[in-house]
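One structure below.
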Amino acid sequence: MMLSKTYNPREVEDKWYQYWLDKQFFKSTPDHREPYTIVIPPPNVTGVLHMGHMLNNTIQDVLIRRARMRGYNACWVPGTDHASIATEAKVVAMLKEKGINKKDITREEFLGYAWEWKEKYGGIILEQLKKIGASCDWDRTRFTMDADMSEAVIDTFVHLYNKGLIYRGVRMVNWDPQGKTAVSDEEVIYKEVNSKLYYVKYRIASEEENAERMSEDWITIATTRPETILGDTAVCVHPHDERYEHLIGKNVIIPFVNRVVPIIADTYIDKEFGTGALKVTPAHDINDYELGLKHNLQVIDTIDEDGKMSPAAQFYIGMDRFACRKQIAIDLEEKGFLVKTEEIKNKNGLSERTNAVIEPKLSVQWFVNMKELAKPALEVVLDGEVKLIPEKFTNTYRHWMENCKDWCISRQLWWGQRIPAWYNEDGQFVVAKTEAEAVEKFKIQNFKSNNLKQDEDVMDTWFSSWLWPISVFDPSVCKGVNQPSNEDLAYYYPTNDLVTAPEILFFWVARMIMAGKEFRGQVPFKNVYLTGIVRDKQGRKMSKSLGNSPDPIELIEKFGADGVRMGMLLAAPAGNDLPFDESYCEQGRNFANKIWNAFRLVKGWEVTENTAQTDNALAIEWFDARLNQVLVQLEEQFEQYRLSEALMSVYKLVWDDFCSWYLEWIKPPFGEPIDAKTYEATIGYFEKLLKILHPFMPFITEELWHELRERTEKECIIVANYPVANEVNTAIIADTNTIFELIAQIRTIRNTKQLSPKEVLPLAVKTADRSIYERFTHTITKLANTQAIVFVDEKVENAAGFIIDKDEFFVDLGNNIDVAAERERMLLELNYAKGFLKSVMAKLGNEKFVANANPEVVAAERKKQADAEGKIALLEQSIAQLS
RNA sequence: GGGAGCUUAGCUCAGCUGGUUCAGAGCACCUGCCUUACAAGCAGGGGGUCACUGGUUCGAACCCAGUAGCUCCCACCA
């Protein structure tokens, strides 16, 4: 049969993925086995696959495939997130292209368009996941706005509200006066701009303050927003500012409006900035708002939702805030209040959508009280019930959980679960799952219940995705604690591992833990593997706007899914950022090719029962030991989630140990058959290697698995048993290492003397114990291409030589030896050995070392001394004889 | 401003309890090879003041303190 010289991924990937699907290998239903469960971090429903997904889902697939092979009932639940902000923005943009403005259509119409959009684009990312080999149970695919998933969110809201953990409150939001909507913090872009800093003086009110008897004292504040002066309700200074200490507690008079407001003190103030005195406008600045809360200040909202001055401002009513800024500066100057202006640089928050300057604005929002929910969620991480990997994130997690503010869950959007609160005409409200229930509740409270209106806002997307690990199995249990659950939830929950990006540790991970404890009384997962962020070569985050993100699907076409998977994993230790470069995928592709060619070699052999095994038996014994050694190592590496290290271990085992050593060792001369025993063993090893490779490179391994032997329909590697480590034969490994070193030394001589690999070299050995060389004699002559070994009692004159342990080796090259160079080399080696001995003696000569160090360490040093002395003696002899 | 972390070879990173796995791996690089599985390959090789300065110790890449540079998260500059 003719096999291509290179591995061709395209021919095998789709074929096997479809095969796995057809045979339902990804499917999981509860049974007697122990479950191993992962829920996918649901990607944005309208999203397309990017490198972050690629990394994330490759890791999940490695874990799930390994678990499946190890006999667990592996269940990976896929799905998508409705992502209210992002999706709504996309739908709005799509409508705009059609010439439709969101403001001109009803909520129902808009949602119609949104669902249409979702149906059209919602499946893309999941289809892409199949291309990378993700072995999800697709029958379990979930969407956070599936009817029952949404119902769970509503139930959750009602439950928490009834428990007193959800409340309505005033909060400062980022108001976009152009879009006339609140935007999230993530949608505000801070941009440095040149601004003017206005120094304005306020008159200090006299003691028995009245307008007639004006004091002549002033305090000067500095502001970039003089138009908000009309809403000032205090002036604030630092409590230890000598310039102002005497003024604390007095009052000042706000220009124009002549409002009398207090001078308060707070350490929030930066004494160095401006004059060290701050005007406080609680309605239009987030910090001022906090100050207002702390010091009980009046809140005067002077700017309306269009960004124009409101009636409460008293002056400039209806004027745009920026026009007002210019005008008030002129007027302040005219009236003598303006001291000076300065040019400064500061940051402006701009709306990502409209580019309008964000106006901090107070509004009524819904909140979740985090105190009670955070406490158990912190405890389970601190006591290790939930493990964060890498561990360093525990500190960050703790800091956040101890200081977390209440969670604002209302969003001024339409795409999402609508807040189940109903209002009557008087502004009274109840929270209820349905309108009918709301009517009942109004009646109980004796409120008017006609003409009820539901709250216009929807809930934060995280308020649905925090239920994900529960609701994908049983959405009906989110009404409260200890609800009876279905079989799935009982079996799969808590899940095992969660794989996600550290950026959403707080947004999502922490909240899932809270929800898990609140609604199930149990954590949602045992381990959280936090991946790094995929960056480009220059260390920049990959982003659409930069255009620096390669398309994973294109990469797969170029390097094969296995190659890209391997490329992602190679350089991605947990929690470390991954500066991505295509060359990693190239390395992955090359590796796939290497495996392919090893297969071609083995497959091409003719097998015979009539040939003796010679020292192939040694090769088998050795490789078996190495394999066991690596299996033990893999166990540890997976235990610690060191996936890139695990992959590297397998990589080296396959490339170096199996291909470079083992196969070369047993490879029959061209045209000759291989003995059946060795062949069988080799196929067995190949199978084991494919198995441990399979979680990383699912496609090529499945392909070769079937090429290696005849299999029945369901005998696939995806469900084969993962190899178990046996006891490691360390003796054979040690002996073989000596032989390998010997071979390498001969190859080095060959290389430095520029001799062809085809030239057969003589080899003489001076040793006290011939047994090992006799045992490996075939191995040596074959792999180093030497004549039969000659044992000598005397040094071979004028031969190239080297020393391993106490044994001396000679390669007689006839005239082809440069005595001077040889001497030079030996002198160098001698020098090194002497230096080494010196450092060892320094240690041993140190009484404190001998007295304090562990006995084993001292013994080890003594052995070093003996070895070094032996080597020095040998070298000196050799040098003396080289003349 | 608050918090967390990083700095080891050209690049990406290991180095776990201070001492033979102590200075490592992969890639890149250099030299020689189209050797009958693979040039996407084979064989060999070079390369590091472990950021800097002190301290603890018989002994420090590792522990402690300080300095410099970098990254991330949160809060944001009136």
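Below, read A as the first sequence line, B as the second, and so on, with proteins coming before strands; counting in each chain starts at 1. As the structure is a prediction and not an experimental result, all values here were calculated from the model.
- Residue-environment remark: CD (A:Glu391) stays at or below the threshold of 12 foreign heavy atoms within 6.0 Å.
- Between B:rC27 and B:rA23, the distance separating the two P atoms is 23 Å to the nearest Å.
- Checking B:rA40, B:rA37, B:rU35 against the side-chain heavy atoms of A:Pro757 singles out B:rU35 as nearest.
- Comparing A:Asn590 and A:Asp656 by the nucleotide of RNA chain B that holds the closest heavy atom to each, the one mapping nearer the 5' end is A:Asp656.
- Counted within 6.0 Å of CG on A:Asn395, heavy atoms from surrounding residues, nucleotides or ligands total more than 12; the atom is thus considered enclosed.
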I'd like a table of atom pairs between the protein and nucleotides 76-78 of chain B - only N or O on both sides, under 3.5 Å - with the distance next to each one.
{"from": "B:rC76", "atom 1": "O3'", "to": "A:Asn287", "atom 2": "ND2", "distance (Å)": "3.3"}
{"from": "B:rC77", "atom 1": "N4", "to": "A:Lys347", "atom 2": "NZ", "distance (Å)": "2.3"}
{"from": "B:rA78", "atom 1": "OP1", "to": "A:Asn346", "atom 2": "ND2", "distance (Å)": "3.3"}
{"from": "B:rA78", "atom 1": "O5'", "to": "A:Asn346", "atom 2": "ND2", "distance (Å)": "3.4"}
{"from": "B:rA78", "atom 1": "O3'", "to": "A:Thr224", "atom 2": "N", "distance (Å)": "3.4"}
{"from": "B:rA78", "atom 1": "O3'", "to": "A:Thr224", "atom 2": "OG1", "distance (Å)": "3.2"}
{"from": "B:rA78", "atom 1": "N6", "to": "A:Asp270", "atom 2": "O", "distance (Å)": "3.0"}
{"from": "B:rA78", "atom 1": "N6", "to": "A:Phe273", "atom 2": "O", "distance (Å)": "3.1"}
{"from": "B:rA78", "atom 1": "N1", "to": "A:Asp270", "atom 2": "N", "distance (Å)": "3.4"}

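- Atom-to-atom, CG of A:Leu647 to P of B:rA14 comes out at 15 Å; the value is rounded to the nearest Å.
- In terms of phosphate contacts, A:Trp655 brings a side-chain nitrogen or oxygen within less than 4.0 Å of OP1 or OP2 of B:rC42.
- A:Arg10 CZ: 12 or fewer foreign heavy atoms inside a 6.0 Å radius.
- For the pair A:Arg398 CZ and B:rG2 P, the interatomic distance rounds to 19 Å; values are reported in whole Å.
- Because its glycosidic torsion is within 90° of 0, B:rU20 is reported here as syn.
- Within the 4.0 angstrom heavy-atom criterion, only backbone atoms of the sugar-phosphate kind lie near A:Ser660; the bases stay farther away.
- Checking A:Trp655, A:Phe740, A:Tyr685 one by one against A:Tyr662, the ring-ring contact (aromatic ring centres under 6.0 Å, His included) holds for a single residue, A:Tyr685.
- Although no hydrogens or angles enter the test, the distance criterion places a donor-acceptor pair under 3.5 Å between the side chain of A:Thr752 and the main chain of A:Ile749.
- Applying the 4.0 Å criterion to OP1 and OP2 of B:rG44, one finds that A:Arg747 has a side-chain N or O inside that range.
- Taking only side-chain nitrogens and oxygens, A:Asn403 never comes nearer than 4.0 Å to OP1 or OP2 of B:rC74.
- Residue A:Ser583 is out of contact with every strand shown, counting any heavy-atom pair closer than 4.0 Å.
- Looking at the side chain of A:Tyr651, the nearest of the listed nucleotides B:rC38, B:rA4, B:rG26 is B:rG26.
- Counting non-hydrogen atoms under 4.0 angstrom, A:Ala592 reaches nothing in the nucleic acid.
- For B:rU53 and B:rC58, the C1' atoms lie 23 Å apart once the distance is rounded to whole Å.
- Across the C1' atoms, B:rG46 and B:rG3 are found 44 Å apart, a figure rounded to whole Å.
- One atom, CZ of A:Phe740, and another, P of B:rG44, lie 11 Å apart when rounded to the nearest Å.
- For the C1' atom pair drawn from B:rC50 and B:rC63, the interatomic distance equals 16 Å after rounding to whole Å.
- Taking side-chain N and O atoms only, A:Lys5 has no distance below 4.0 Å to OP1 or OP2 of B:rG41.
- Taking atom P in both B:rG41 and B:rC64, the straight-line distance is 44 Å, to the nearest Å.
- Relative to the side chain of A:Gln587, the nucleotides B:rA4, B:rG26, B:rA40 differ in distance, and B:rG26 lies closest.
- B:rG59 and B:rG19 are spaced 15 Å apart, taking the P atom of each and rounding to whole Å.
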Walk me through it: do A:Phe599 and A:Trp596 pass the test ring pair (Phe, Tyr, Trp, His ring centres under 6.0 Å)?
CA-CA 5 Å; A:Phe599 162 73; A:Trp596 175 254; 5.8 Å; yes

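- In this structure, A:Lys753 atom NZ and B:rG44 atom C1' are separated by 13 Å, rounded to whole Å.
- Using C1' as the reference atom, B:rA61 and B:rC22 are 9 Å apart when rounded to the nearest Å.
- With hydrogens and angles left out, the side chain of A:Glu664 and the base of B:rA43 share no donor-acceptor pair within 3.5 Å.
- Looking at the side chain of A:Arg642, the nearest of the listed nucleotides B:rG3, B:rG15, B:rA40 is B:rG15.
- Each of A:His284, A:Glu227, A:Glu359 was evaluated against A:Arg321; a single residue qualifies, A:Glu359, per the side chain to side chain donor-acceptor pair (under 3.5 Å) test.
- One can find a donor-acceptor pair under 3.5 Å joining the base of B:rC38 and the side-chain atoms of A:Lys594.
- B:rC13 and B:rU71: their P atoms are spaced 14 Å apart (whole Å).
- Nucleotide B:rU71 has B:rA4 as its partner under the Watson-Crick or G-U criteria, with both atom distances under 3.5 Å.
- Between A:Tyr651 and A:Phe696, the distance separating the two ring centers is not shorter than 6.0 angstrom.
- Between A:Leu388 atom CG and B:rC73 atom C1' there is a gap of 14 Å when expressed in whole angstrom units.
- Note that the CZ atom of A:Arg325 and the OG1 atom of A:Thr224 stand 6.5 Å from one another [nearest 0.5 Å].
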